[in-house]
Structures are given as C-alpha cells and as structure tokens.
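Read through the structure below, which is laid out as structure tokens, and then see the notes.
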Amino acid sequence: MNYTDDQRKAIETVDKNLQIIACAGSGKTQVISERIAHILDSQGVDPSSIVAFTFTEKAAIELKDRIYGICQKRLGTDQGLGGMYVGTIHGYCLNLLQEPPIYKYLKYKVLSDVCQRLLIDRYSKQSGLTETPLLKDGYLRRWIDSSLYQGLVSICAEADVDYDKIPSGVVASVEKYRSLLHQHKYLDFTTIQMEALNALKSHEELRNKIKEQVRYLIVDEYQDINPLQERIIKTLFDLAGNICVVGDDDQTIYQWRGSDVQNIITFKDRYPNVDTVSIGLNFRSSGAIVDSARQFVEKIPNRLPKKMDSSNSQSFERGDVLALSFKSPVEEADWIVGKIESLHGAAYQDKPHAEERGLCYSDFAVLLRSVKNDARPIMDALDAKDIPYIVSGMDGLFDTPEVNAMRLVYWFLSDYSDGKYTPPSISQVRKSLVDARLGLSQEQIDAGCAFLEEKKKLIPTSNSAELHLQRLYLDFLGTIQLCEEGIDAVSKSTKRSEIAYYNLGKFSTVISDFENIYFKSSVRNLYPEFASFLLYRAPQYYPEGAGENGYGRPDAVQIMTVHKAKGMQWPTVFIPCLRKNRFPSGGSRGRGIFHVIPCDAVSNAERLKGTQEDERRLFYVAITRAEKYLFCSWSPIEEKRNSKKISEFQTDISRYDNITTAEPPAKSIRKIEGKQRHVDLTLPLTFSELKYYFECPYQFKLRFLYGFNEPIQQAMGFGKSLHDALAEIHAESIQGTTITVSDVDRLYEDHFFLPFISPANTQLKENLEKAFKRDLAKYIVENSNKFDKLEHVEKVIELNLANGIVVNGRIDLIRHTETNELTIVDFKSDAEAQDVETTKKQLHIYALGYKQLTGKSADLIEIHNLKHGGADREVVTDAMINSTVQLINEAGADLRSNHLEKCEDCSKCSMKCVCKHKDK
DNA sequence: AGCCAACTGTTTTTT
DNA sequence: ACAGTTGGCT
C-alpha cells in the first residue's frame, strides 16, 4: 500500500508521543492499524503491551480486523495478537475491575441505561432522586425527572466539577445513589470508569501489573473523550510511557454527552515530547465536496491547524452537489425518492481504477438531525415506490399492533387505573389480538383469553413463580400456540412474520429489563407497576428496531441521524429537512441539569447545552459522509410555527461555487448491473451465544436476533458465585498463596450473591449457602495438590477463523498434570444443565484459541462437576478440533444467510412456547 | 423597537 | 414541565 508523507510519518513515529489529526476520509483506521503493526514488527514487542481505545465496539472490531490482516500479511502470523487490548474504555475498565488482582467486583452486574432509570425510579428516595433540590425551589420528582437525574449523576463523576459550588443537598443525593448501586451490586457505565480510575491510582498490585505489561497506549476518537476518561488515559500513560492520540477537533459531536474538545486542542501542552501530524488528504470525496466542507468548517474559531485536500478519487460534474428548496416535506421526499430511482444502477467506481458497478439501494443514505421528527414523509415516499429502507432511531415499538396487544394483556391482568387510564376489558384484549394479525384462530384466541382470565384471579393473592411476568408471557404465547410460520398465513407480505416476532421478542426484553429491577416485588404490586411502566415510560425507552436485525447486509436505503452516520460513507448522501430550529437545532427546553447545579460549577459547561459551533461541526460530519453525490434540501412545514424558515447552514453552503441551487436538466445516466459494495464483515460471536446455536439454530434466532429471554429464577447467580470463588482461588494460588478449606468462609462472604432471591425464601437461601460452601470445600480438598501446577486463570481468548468469524470466550483454568500435559479446564455447577457434548465443543474452541494466542497445543480437556466432584477428561485430537471448526463455519454461513432452522428435539428447550407448530 | 400570547420540543454510546 | 422562539400587534 502507498502512503502519503504525512501518513508515513504518523505510522513511523513510535518512540515519541504522537498526536494525529485525521481529517474526514483520510484513511485514519488504516494508519492506526499500520502503526500498531509497525510497533509489533520493528520494536519486537509483545502484543499484550499495546492498549488501543476506540469509541464504539463496532470500531474496535473493524480496527482489530485491519490489524490482524496487516500482521498476517507482513509477519505471516496472527499468533499472540489476542493479547492486545483493542476496545472501548468502558470495556477495559470493566476488565480491570473484574480480573486479578481485584476480586471485589466479580459479583457486580453492569446496569444498562433503561435498568438504571428503573432503579432510580423504583428506589426514588434511596437513589436520592426525590431528595435532590432544585436551585429555585422544590425537588426532582419520581418518573418525571429521572432521566435528568441520570444525567446529573454521570456529569458529577465525568465532568470537571467544583463540588464547592454544588448545593449540599445535591451532593448528598448523588452519594446516596452511589451507595444504592453498591448495595445492589450494580455498576453503571460511569461508575465502571470511576472505580477503575480509583484502582489505577491506588491499587499498588494493579499498578505494578500494568506498569510491567503496558508500553503503548493508543486512543482513537480522542476529541470525544470526557474529563473522567482523560484522567484514566493520563494515569495509564504515566504507567505505560507512550501515548498516541488520534482524532479531529472538527468532528466533535458528543459534547452534549460530556466529551470535551479541549482535550485534543490542548493535548500537546499537557503531555511531554509530543509530535503532531495532520493527515489531511481526503481519499473519500470529490474535490467539490471537500472544498465545500472546508469552507464550511473554517468558520469555526479556535480550530487546530490542518490542511484539507481532496485526492479527487471521485470526479465532479455540476449537478452532483445540490442545495435545493421545496414547497412541502411531501414534495421534498418525492424528489429524494425520484433521485434515488434515477441514480439506482448508475455506473460507479468506488475508487479510481476500481471495477465499475451499478449503484444499489444500500449506496444511498438519508441523514437527518432528528429521525423521530423528520423521517416519516421520507419513509412514506419510499414505501409508495416499494424501495427497501432501514430506519434507525424511530420510536414506535409500542405502536406496533402485536406489542400493543401485549401491553393490553398486562394492563388487563393488572387492572391498573389512574386519573387518565382505565383498564381494558377482556373483549378489548381479544380485539387487539385479532388486530395484531398473528395468524391465530378463534379457538386459539379463546384459549388465550380464558388463560388470562384465570391468571388474573390469582394475581391479588398468589406469589407463585408462574405469575412472574416473563414466565406468564411465555406461557401465554404457548397457550395461544403462536408460531412464526403461522403469521404468514394471514398476510401477503412475507416479511410480516419476522417483524412481528422481532417485536414480540423485544417485548420479552422489555419484561427482562423491568423484572431485573422489580423481580422481588410481590406479584400483587408487580403488575400495576409494570402496567404503569408500559403506559407512561416504556414507549420512550425503546426504539422500533425491526429491520436492522440479522447478520447480513440488506440492500436498502439507510435513514439515520448524523450522529449514527459518523465514521460511515456512501456514494450518495441526502441531507434533507434543513430548516431553522432543526439543523442547527433549536436545542432542548424545559428542566435540565442546570436547574439543579449552577453552570459555573462545571468547567466548560457551555458544551453540555449545545452551541452553534457544535451544530456546525455536526453538519460538517454530515456532508463529509458523501463520496460523489450530495443533495441538501429543505422545505417549510406550513402548519408548524417554528418550521417555516430555511436553515442558516443551507443558506451558507448555497453561496459556495461548487454547489448548485437548481437541478440541472436531466442527462441520460449510464446504467449497469447493480452490485453491493464488498465489505469484509466480521461476525463476532461469544461462546455463550454459539452454545445455543449448537443446541438449536432457531433457538439462537429467538434469543439473539429477536430478543426472547428466559424467566428469572431465584437461584440465579449460584453458578456464577462458585465460578468467581474458584477464579480467586486459582489466581491467588498462582501468586503463591496457599488456599485451604479455612478460606471457604471468606470466599463465601466475598462471592456468594443471589440477586433475585426473595428474602422470604429462607429455605432456598440456606440450601444454596450450604451447597456453595460444601462444593467449594470439596473442590479444595480434592484438588489443592494441583494448585502449584496452574498456568492461567480466566484466560481471555479470541479465535479468528478464516471467513471472518471471531469467537470470544474465557477459559476457566489452564494447568499442567503431574506428567506435564497441558490441560484446559472448565467448571460446571450442577445448576448449569449444559449438555456434555456442548461443553466439549466449547473446550475444543478454547484449545484452538489458546493455540492461536500462545502457540502451545493443549493435550487434554477436563470438565469438573462441582456438585458431585471429580472430572471427565479427554485427549485433544486434531480431528475433534477440526470437526468443531467445521461446525462453527457452518454456523457462520447460516447466520449470514439468516438460515436458522428449528431442531427436532424440543423436550428440554425453554423457548418451545414460541416455537412449536400449531398441529403439534 | 418592544411586548406578549401562542407555540413548541435533538442528538445516544458504553457489558 | 418549562422556557426560548416566533410573529402579530402596538
């Protein structure tokens, strides 16, 4: 590959600290990958001395893939590369907290955004929510201000905050929230980083471990780092000694979420011995687009100096870049769809000298400031012409008929009413089930209604597990004998069944989120709480997502926000709806965090409110997504007061020479056969996912593509507790500590945690406690003679297969036998009813992954049953491993083609309620 | 130019 | 829920 002088300098500067300013389309990922390969190659360092942070998990996968590719080609091997850390800061911090020498956080669970808000609301007083005073007067209110409070608790930890300026009531509330998290053993995304920073600063063992291991720190998207993350980076740098940050101050788009562009602007003043390289040649877009983008972004004051040029990899003809006005959104949408039709199939070269191909629907993107508010007319226009599209970010899961029916089901069961809503009758529920067009017969619906009426009677008095929300959901779907194939029968559109199942699966996820927090409520209270959640809050928490599921790349027009589009590119980009108050955004009004804390308590607080400059950077990101065709447009919405005027950005770009404000007369466009752009898509899988595929491919689909979940059980956490205790035993043994039966009580205190057990169920709790101590003691007695032969605990492996499949997993234990055979060990508590054959496949994958990581082959695999003691042992052979690899490859092919068939044996399957056929 | 009632409502990643 | 924008009216 040929590099420009600047790119080459960026790649080869490894002994000094480095700041790379990478403009849009400048080949940033390639340069970072090449630089990392260069470090490995020329410095001869161990891959595990490299830590690279990316902004998203998706970016991490892409970067890793690129590094592996280069190393394989250059060094002829990818051995050991799994030891490198390439991933998000969050992921790295979580690893720090859950790997030796820290054991405390093993039992902690990461709280998702939705669950965090549920927790805050459920414990509205203990979380500090309703005790948080406003600056004027009054307090934050339950349900209404919880998302504000969520923002507040993160800002307090993530921003540079002057606590002296924050009202003491607010400080006390945030402290209450943090102790609530600890009490329930939760980590939210902010706390992960906060605690990791504390550990990095004060845990000497951890500091030594990192100091020994890490040499090179690389931070991508450095402009979107928040102050807390910067503190983590600085602390790591002090231990590692070398840092390279990559970013572009012009593309800072997450400042409203706390990222601070000052980090990149002042980087060279804050770190020693820094070289700066600006890579500014744009290989993506035509000269006209790059010129326009440059003119547009140069109006921002205080930018880092940089040159921006186009390599002219796309030619420009007048008319390729337009800024148009229309009379109404409908007219605007119709024009867009017309343009898509006229360019569909147009001959296109992805790069100079590349083979020509015809443009496909997936080569068109519609980028919006607000999908929720502006996507509708465009979707309607695409629907009218039967053009496939994918929208991301639309609300409306709860507007779909099938989810609406399920919401009525729970509303009916709960009998929930308040000033605004009264519960539906069974006939309304029946009607909603009919309207959902799920292919149900009269008899099936009758059976379902009878089931509901019967269960409803039990709710006020019973606390049976049968009545927990998820159990009842699956039982109800089983009673009406729902099956995916049945749905097509009533509908002509073939996709209807997948969409309905996807939405119903999402509803199962909604229940899981809710029960995660509310599981211990009595059934009597659970239902009304859930009903009010479904009525008031859930609709805003969950986006409609059908369409983006699956592992394939559908040939469809993409409709998304500019934020989502960051890092992507298309031959053709539409940026419509450029109205005043929309783009640049008029901003949000109403109560915000600065009604709770004063502005001057947070340094650089402006950024959190959103400024014109931020909007300008966002628009710059939008236009630089286009390769050749860029169509900006606007139209007034007559009936909306604030939507009648043109965006100042549209006016601005209309002045530029290359931009044409009226469409030139149509020319004939040469069309050839369409072909989707080739992209190597890696397919990341974890072993726990793959396990379900091995059991039944359709079950995999139900769980991971649709989102169906199993009911929560009170004993959940038992196997995990044992597992965590074993991890500590082994890790401490490797350190030379002698572990004996006398440690069991301490291990019990540190690791035994059952998040869902009801306090009333003392019998179960006692039994599990005893089982925990007994199993652990038995294991120590039977195995402590081998504790001096351990090699690794909880070894992370990443298995890369030739066709882009990457399997992630963790090996419980690796040790030697008396005769020095290398053994891969896995522990099963009796509660985990995993089939032995499946476990063997798991260990074969681990054996292969271990070989890829270390070059060493395992001789044996060993499966321990902790309840009964003893272990099964088997010799590892190439034939066994090859047949497992074969199976994974088949799985990959099936996943990519969405060909996930039902298996024969449903007897043990917990998903059979939503699988079995009508006639069985 | 200044006043005021009517109107209106963003973006989302992180295990 | 609330506060900034808009546009009609003085």
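Reckoned from all heavy atoms, side chains included, excluding hydrogens, waters and symmetry mates. Order of the sequence lines fixes the chain letters, A, B, ..., with proteins taken first and strands second; residue numbering starts at 1 for each chain. A quick note: this is a predicted structure, and the numbers were derived from the prediction, not measured.
More than 12 heavy atoms of other shown residues, nucleotides or ligands fall within 6.0 angstrom of atom CZ in A:F753. Summarising the local packing, NZ of A:K185 is surrounded by more than 12 heavy atoms from other residues, nucleotides or ligands at distances under 6.0 Å.
Taking a cutoff of 4.0 Å between a charged side-chain nitrogen and a carboxylate oxygen, A:K327 and A:E638 do not qualify as a salt bridge. Salt-bridge check for A:R579 with A:E648: failed, with every basic side-chain N at 4.0 Å or more from each acidic carboxylate O. Between A:K566 and A:D224 there is a salt bridge, with a side-chain nitrogen of the basic residue lying less than 4.0 Å from a carboxylate oxygen of the acidic one.
Note on A:V371: only backbone sugar-phosphate atoms sit closer than 4.0 angstrom, heavy atoms only; bases stay farther off. Residue contacts for A:K109: at a heavy-atom cut-off of 4.0 Å it reaches no nucleic acid atom on any strand shown. Among the atoms of the strands shown, base atoms are found under 4.0 Å from some heavy atom of A:S585. Among the protein residues, A:K580 comes within range of the sugar-phosphate backbone only, with heavy atoms under 4.0 Å from sugar or phosphate atoms but none that close to a base. Nucleic acid contact class of A:N373 (heavy atoms, under 4.0 Å, all strands): sugar-phosphate only. Residue-level contact check: A:E639 touches the backbone only, with heavy atoms under 4.0 Å from sugar-phosphate atoms and none from bases.
Applying the 4.0 Å criterion to OP1 and OP2 of B:dT15, one finds that A:S112 has every side-chain N and O outside that range. Distances shown here put every side-chain N or O of A:K645 at or beyond 4.0 Å from the OP1 or OP2 atom of C:dT6. Dashed line: the shortest gap from a side-chain N or O of A:R591 to OP1 or OP2 of C:dC2 is under 4.0 Å. The shortest distance between the side-chain N/O atoms of A:T88 and the OP1/OP2 oxygens of B:dT15 is below 4.0 Å. OP1 and OP2 of B:dG9 both lie 4.0 Å or more from every side-chain N or O belonging to A:K372. Within the structure, a side-chain polar atom (N or O) of A:H595 is placed less than 4.0 Å from OP1 or OP2 of C:dA3.
In this structure, the ring pair (Phe, Tyr, Trp, His ring centres under 6.0 Å) partners of A:F533, at least two apart in sequence or on a different chain, are A:F514, A:Y541.
The distance from atom CG of A:D224 to atom P of B:dT14 is 13 Å, rounded to the nearest whole Å. For the pair A:I89 CD1 and B:dT13 C1', the interatomic distance rounds to 12 Å; values are reported in whole Å. Rounded to whole Å, atom P of B:dT13 lies 17 Å from atom CG of A:D188. Residue A:N642 contributes atom CG, which lies 13 Å from atom P of C:dG8 at whole-angstrom precision. Summarising the geometry, the separation between CD1 on A:I593 and P on B:dT11 is reported as 19 Å, rounded to the nearest angstrom. The separation between A:L187 atom CG and B:dT15 atom C1' is 10 Å, rounded to whole Å. Between A:Q116 atom CD and B:dT15 atom P the separation is 15 Å, expressed in whole Å. The CD atom of A:Q255 sits 13 Å away from the P atom of B:dT12 (whole-angstrom rounding).
In secondary-structure terms, DNA chain B builds stems of at least 3 consecutive Watson-Crick or G-U pairs, each pair having both distances under 3.5 Å, at B:1-9 with C:2-10.
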Expected rows: protein N/O vs nucleotides 2-5 of chain B N/O, under 3.5 Å:
none

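Among the nucleotides C:dT6, B:dT10, B:dT13, the one closest to any side-chain atom of A:T56 is B:dT13. In this structure, of B:dT12, C:dT6, B:dT15, it is B:dT15 that holds the atom nearest to the side chain of A:V110. Nearest nucleotide to the side chain of A:W256, out of B:dT8, B:dT14, B:dT11: B:dT11. The side chain of A:R257 lies closest to B:dT13 when the candidates are B:dT11, B:dT13, B:dT15. Set against B:dG9, C:dA1, C:dT6, the side chain of A:K640 has B:dG9 as its closest nucleotide. Taking the side chain of A:E57 as heavy atoms from C-beta on, and the options B:dT12, B:dT14, C:dA3, the nearest nucleotide is B:dT14.
Only one option out of A:E158, A:Q255, A:R231 pairs with A:N226 in a side-chain contact (heavy atoms from CB on, under 4.5 Å); it is A:E158. Shown are A:D724, A:L106, A:I192; of these, the side-chain contact (heavy atoms from CB on, under 4.5 Å) with A:Q98 is made only by A:L106. No option in A:R591, A:Q150, A:H595 other than A:R591 meets the side-chain contact (heavy atoms from CB on, under 4.5 Å) test with A:D145.
A donor-acceptor contact closer than 3.5 angstrom links the side chains of A:E195 and A:Y105.
Distance noted for atom P between B:dT10 and C:dT6: 15 Å (whole Å).
Going from atom CG of A:N373 over to atom NZ of A:K640 covers 5.5 Å, rounded to the nearest 0.5 Å.
Judged by a 6.0 Å distance limit and a 45° cone about the ring axis, A:R703 is not positioned over the six-membered ring of A:F708.
Nearer to the 5' terminus of DNA chain C, by closest-nucleotide assignment, is the contact made by A:I144 (compared with the other of A:I144 and A:N581).
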